[in-house]
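Written below as C-alpha cells is the structure these notes are about.
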Amino acid sequence: MNSLMLNTDGVQIPQLGFGVWQIPDQEAEHAVTTALEAGYRHIDTARIYGNEAGVGRAIAASGIPRKKLFVTTKLWNTDHGRVEQAYDESLATLGLDYVDLYLIHWPAPKQDRYVQAWRSLEKIYREGRVKAIGVSNFTLDNLERLDREAELTPSINQIELHPYFPQKQLRAYHTANGILTEAWSPLGQGRGLLEEPALTVLGDKHGKSPAQIVLRWHLQLGNVAIPKSATPSRIRENVDVFDFLLDDEDMAALGALSKGTRLGPDPATFNWMG
C-alpha cells in the first residue's frame, strides 16, 4: 500500500485508510477486524464516534505489530481546554500507549479555543507522546491564524473532499505549506456521486466499481482517503485500488463533476458541543 511522508520526523501515513464514523462500537470491532484482514493498516477514529474501544479491541486481537499500524483519533469540541486529559482518555479507551496522529476535530470558532488547543497538541508532540499532530475541518482562515500564532505546522488537514467538492483552493494552500490533505467522505456519503454516468463509463473502461474509480482519483491527486463501510465486501473492494491508473482524460472527467457545495457541516459555523 502506498504511503505519504508527513512533515514530522519522517513519519509516513498509509494513503488509504479505514474510517469508522457512524459505526457503533461493537460493529466497529468487526469492521476494523475485516479491514485489517483485507490489508488496511491505517485506522481513523475519533472520541465523538463512541467506538474507540471497539477499534482498540480489533487492533489488540489482530496480532499485527503496533509499529505496522497507523492509528488516528481526534479531540472533540468540548475538550479544547483539556487536551492532555482528553488525549489520555482516548489512549485508555483504545488500549494504546500512543496514537500515530492526533487531530483537532473541528475548529469550533464560536468558542475560539482552537489555537489554545493546538498549543497543547504541540506540547504532547514535543513530549514524544504522539507521532504526529494535525487538524480536521480547518478552513484557510483557521490555518493562516495557526501559522501566525502557533509554532508548528499541522501535518495534515482532514476535510470533506470528493469530486462534488474538490476543495482546490484549500488543497493548494496545503501543498504550498507542507500539509497533507486527507479526505473524509471521499465517496460523497452515498448521496448520488457513485450513480454519476461518468463513473459508470470509467468503471467499465477500467473494470472497476465507481467507488474504486473515485478512490483512485483521490490517490492520484495526492490525497489521503479514509472510506468507511461496515459491509465486508465493500471494505475489501475499497482497498483494491492499486492495480490501475486513471489517465488525464479520466481525471478531467472526474474534475468536471464539481458542484462546489458541501454535503456535511460548514466548519466556519459548526460549533456543536454534544
Side-chain angles (χ1 to χ4, degrees), residues 1-21 31-32 35-36 38-46 49 55 68-75 99-106 121 125 130-140 142-143 152-189 193 211-229 235 237-242 245-246 251 254-255 263-264 267:
M1 184 173 297
N2 296 353
S3 293
L4 299 176
M5 190 72 70
L6 295 171
N7 61 9
T8 306
D9 291 342
V11 176
Q12 294 187 20
I13 182 171
Q15 195 175 4
L16 188 68
F18 182 71
V20 295
W21 177 56
V32 171
L36 294 173
Y40 294 85
R41 292 297 180 265
H42 170 191
I43 307 298
D44 181 279
T45 184
Y49 298 169
V55 169
K68 293 188 177 181
L69 297 175
F70 191 100
V71 181
T72 300
T73 194
K74 309 180 193 78
L75 176 81
V99 295
D100 299 272
L101 180 63
Y102 195 45
L103 305 179
I104 299 176
H105 203 154
W106 293 87
L121 263 70
Y125 169 72
V130 64
K131 298 294 184 182
I133 54 175
V135 295
S136 181
N137 300 299
F138 272 43
T139 66
L140 184 58
N142 300 146
L143 293 173
L152 300 180
T153 299
S155 293
I156 209 162
N157 188 15
Q158 184 184 117
I159 54 176
E160 179 184 348
L161 201 163
H162 42 76
Y164 279 167
F165 193 60
Q167 299 257 40
K168 288 184 179 180
Q169 182 184 20
L170 196 49
R171 284 193 289 116
Y173 179 89
H174 293 166
T175 299
N177 290 274
I179 301 168
L180 284 183
T181 300
E182 184 169 20
W184 61 258
S185 289
L187 302 176
Q189 299 183 13
L193 174 62
Q212 290 170 319
I213 296 295
V214 173
L215 291 173
R216 188 69 217 175
W217 173 81
H218 281 286
L219 299 181
Q220 290 183 215
L221 284 179
N223 300 336
V224 178
I226 47 170
K228 178 219 88 174
S229 179
I235 292 171
E237 175 186 296
N238 288 343
V239 80
D240 184 22
V241 291
F242 295 96
L245 289 173
L246 301 174
M251 294 294 286
L254 282 154
L263 298 175

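These numbers come from a predicted model, not from an experiment.
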T8 and S155 have their tightest heavy-atom pair at OG1-OG, 2.6 Å
So F138 and P267, do their side chains get closer than 4.5 Å, heavy atoms only?
no
Strictly distance-based, threshold 3.5 Å: is any side-chain N or O of E182 a donor or acceptor partner for the main-chain N or O of I226? no
Close side-chain approach of L36 to L69, heavy-atom, < 4.5 Å
yes
Here the pair of heavy atoms bringing N238 nearest to A211 is OD1-CB, 4.0 Å
Under a 4.5 Å cut-off applied to non-hydrogen side-chain atoms, are H174 and I159 in contact?
yes
**Asked** Does the Y40 side chain pair with the main chain of I235, one donor and one acceptor, at a distance under 3.5 Å?
**Response** yes
N223 and Q15 have their tightest heavy-atom pair at O-NE2, 2.9 Å
Rounded to the nearest 0.5 angstrom, the CG-OG1 distance for L180 and T175 is 8.5 Å
Rounding to 0.5 Å, atoms CG (L101) and CD1 (I43) come to a distance of 13.5 Å
Exercise. Is the backbone of E237 close enough, under 3.5 Å, to the side chain of Q212 for a donor and an acceptor to pair up by distance?
Worked result: yes
To the nearest 0.5 Å, atom CD1 of I133 lies from atom CG of L6 at 11.0 Å
Hey, are the side chains of L16 and P227 touching, using non-hydrogen atoms and a 4.5 Å cut-off? yes
Side chains of H42 and M1: closer than 4.5 Å at any heavy-atom pair?
no
request  = For residues N177 and L143, determine if any side-chain heavy atom of one lies less than 4.5 Å from a side-chain heavy atom of the other.
outcome  = no
Check: Run the side chain to side chain contact (heavy atoms under 4.5 Å, CB included) check on H162 and L263 step by step: do they pass?
Finding: CA-CA 10 Å; H162 42 76; L263 298 175; 3.7 Å; yes
Correct closest heavy-atom pair for F70 and D100 would be CA-OD2, 3.3 Å
For D9, is there an ion pair with K131 - N to carboxylate O distance below 4.0 angstrom? no
Exercise. Does the side chain of L161 come within less than 4.5 Å of H218's, by heavy atoms?
Worked result: yes
Tightest non-hydrogen contact, residues L121 and Y102, listed as CD2-O, 3.5 Å
dist F18:CZ -> T45:OG1 (nearest 0.5 Å) comes out at 10.5 Å
Look at the side chain of N7 and the backbone N and O of P154, then say whether any donor-acceptor pair between them is shorter than 3.5 Å.
yes
When every non-hydrogen atom of A225 is compared with those of L215, the smallest separation belongs to CB-CD2, 4.3 Å
### Task
Taking R171 for its side chain and P166 for its backbone only, find out whether a donor-acceptor pair lies under 3.5 Å.
yes
Donor-acceptor under 3.5 Å (E160 side chain, F165 main chain): no
- Task: For the residue pair L221 and M251, establish whether any side-chain heavy-atom pair is separated by less than 4.5 Å.
- Result: yes
dist Q158:CD -> S185:OG (nearest 0.5 Å) comes out at 9.5 Å
Here the gap from I156 atom CD1 to T72 atom OG1, rounded to the nearest 0.5 Å, amounts to 7.0 Å
Sorted by chain and residue number, the ring-ring contact (aromatic ring centres under 6.0 Å, His included) partners of H105 (sequence neighbours excluded) come out as Y49, W76
